[in-house]
Amino acid sequence: MFDNPLSATRLLANAALVAVMLVFGIRAMFFPGGDLTPWVWIIGGVGIGGALAQFAVSVLAPRAIRPAWDEQVVRSHAGSHAFGYWMTLATFLALFVATQAGWLPAEAAFYWLAPVLAAAPSLYMLGASLAGRAG
């Protein structure tokens with residue numbers, strides 16, 4: 001898993017994004033309200049930082065690119081997008097029902113979509129990496 005520097009960087013970037021989104025979700029669940037603007041910067045910074053780290057590793061170790069994107073990784077990557085789509089759709093429908101029933105304000109529902117939109121593909125890729133299908 002850590003034999004290829006690009007695969008290791010991808011794993012760490014996905015793990016960092018999932019961890020930040022988990023903390024954001026816990027914060028939003030147990031401490032509702034307040035200014036969430038810093039979280040936009042934190043989440044964006046982790047996402048952009050992970051992308052920049054992968055780009056830097058690709059530039060510094062160009063021979064790592066091809067093995068890091070073999071057929072199994074490409075299939076896992078496509079699967080992560082499908083997983084993200086379906087999880088976002090399921091979450092949207094659940095939040096729609098919750099807002100229509102009056103259990104959740106629409107403003108809060110908007111923020112509850114963020115963890116799923118950001119973390120679902122990364123969570124899938126993290127699981128694929130740990131299972132040996134994307135590393």
Side-chain angles (χ1 to χ4, degrees):
M1 180 181 321
F2 288 104
D3 296 340
N4 185 305
L6 185 54
S7 294
T9 305
R10 179 177 52 227
L11 173 67
L12 294 174
N14 284 326
L17 186 58
V18 169
V20 166
M21 294 311 300
L22 182 63
V23 171
F24 170 74
I26 291 169
R27 184 258 182 242
M29 186 184 313
F30 294 110
F31 305 102
D35 185 21
L36 295 174
T37 304
W39 282 100
V40 173
W41 291 102
I42 293 168
I43 294 165
V46 169
I48 291 170
L52 289 175
Q54 291 177 68
F55 178 75
V57 169
S58 297
V59 169
L60 295 172
R63 291 180 187 223
I65 297 171
R66 179 162 284 204
W69 285 99
D70 63 5
E71 182 179 336
Q72 196 170 20
V73 174
V74 170
R75 291 180 63 86
S76 294
H77 190 251
S80 76
H81 290 290
F83 178 75
Y85 171 80
W86 289 110
M87 290 300 99
T88 302
L89 182 62
T91 304
F92 175 80
L93 291 174
L95 292 173
F96 175 73
V97 169
T99 56
Q100 294 305 304
W103 302 329
L104 186 68
E107 296 82 11
F110 174 77
Y111 284 107
W112 277 107
L113 265 179
V116 178
L117 284 168
S122 290
L123 182 64
Y124 185 93
M125 284 301 286
L126 183 61
S129 293
L130 295 175
R133 295 190 319 266

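- Taking the side chain to side chain contact (heavy atoms under 4.5 Å, CB included) definition, one finds that L123 meets it with V18, sequence neighbours left out.
- By the criterion of side-chain heavy atoms lying less than 4.5 angstrom apart, applied directly or through intervening Ile, Leu, Val, Met, Phe, Trp or Tyr residues, F55 is not grouped with V46; the two fall into different hydrophobic clusters.
- Tracing side-chain contacts under 4.5 Å through hydrophobic residues (I, L, V, M, F, W, Y), one never reaches L22 starting from V116; they form parts of separate clusters.
- Heavy atoms only, all atoms of each residue included: P115 and M21 are closest at CA-CE, 3.0 Å.
- Legend: side-chain hydrogen bond (donor to acceptor under 3.5 Å, both in side chains) pairs involving residues 15-34, not counting sequence neighbours: none detected.
- Between L17 and N14 there is no side-chain heavy-atom pair separated by less than 4.5 Å.
- Expressed to the nearest 0.5 Å, how far CD of Q54 lies from CG of L11 amounts to 10.0 Å.
- The ring pair (Phe, Tyr, Trp, His ring centres under 6.0 Å) test applied to W39 returns F24, not counting sequence neighbours.
- The ring pair (Phe, Tyr, Trp, His ring centres under 6.0 Å) check on H77 picks up W69, H81, with sequence neighbours excluded.
- Cluster partners of L52, by chain and number: I48. The rule joins Ile, Leu, Val, Met, Phe, Trp and Tyr whenever side-chain heavy atoms lie under 4.5 Å apart.
- One finds the OG atom of S80 at 13.0 Å from the CZ atom of R75 (value rounded to the nearest 0.5 Å).
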Show every donor-acceptor pair shorter than 3.5 Å between a side-chain atom in residues 82-107 and any protein atom, with sequence neighbours excluded, or say none if there are none.
{"residue": "T88", "atom": "OG1", "partner": "G84", "partner atom": "O", "Å": "2.7"}
{"residue": "T91", "atom": "OG1", "partner": "M87", "partner atom": "O", "Å": "2.7"}
{"residue": "T99", "atom": "OG1", "partner": "L95", "partner atom": "O", "Å": "3.1"}
{"residue": "T99", "atom": "OG1", "partner": "F96", "partner atom": "O", "Å": "2.9"}

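- Note on L12: it does not cluster hydrophobically with I42, by side-chain heavy-atom contacts below 4.5 Å among ILVMFWY residues.
- Atoms OG and CD1, from S7 and I65 in turn, are 11.5 Å apart once rounded to the nearest 0.5 Å.
- Of the possible polar contacts, one joining the R10 side chain to the A68 backbone as a donor-acceptor pair under 3.5 Å is found.
- The two residues L6 and N4 come nearest to each other via the heavy atoms N-OD1, 2.8 Å.
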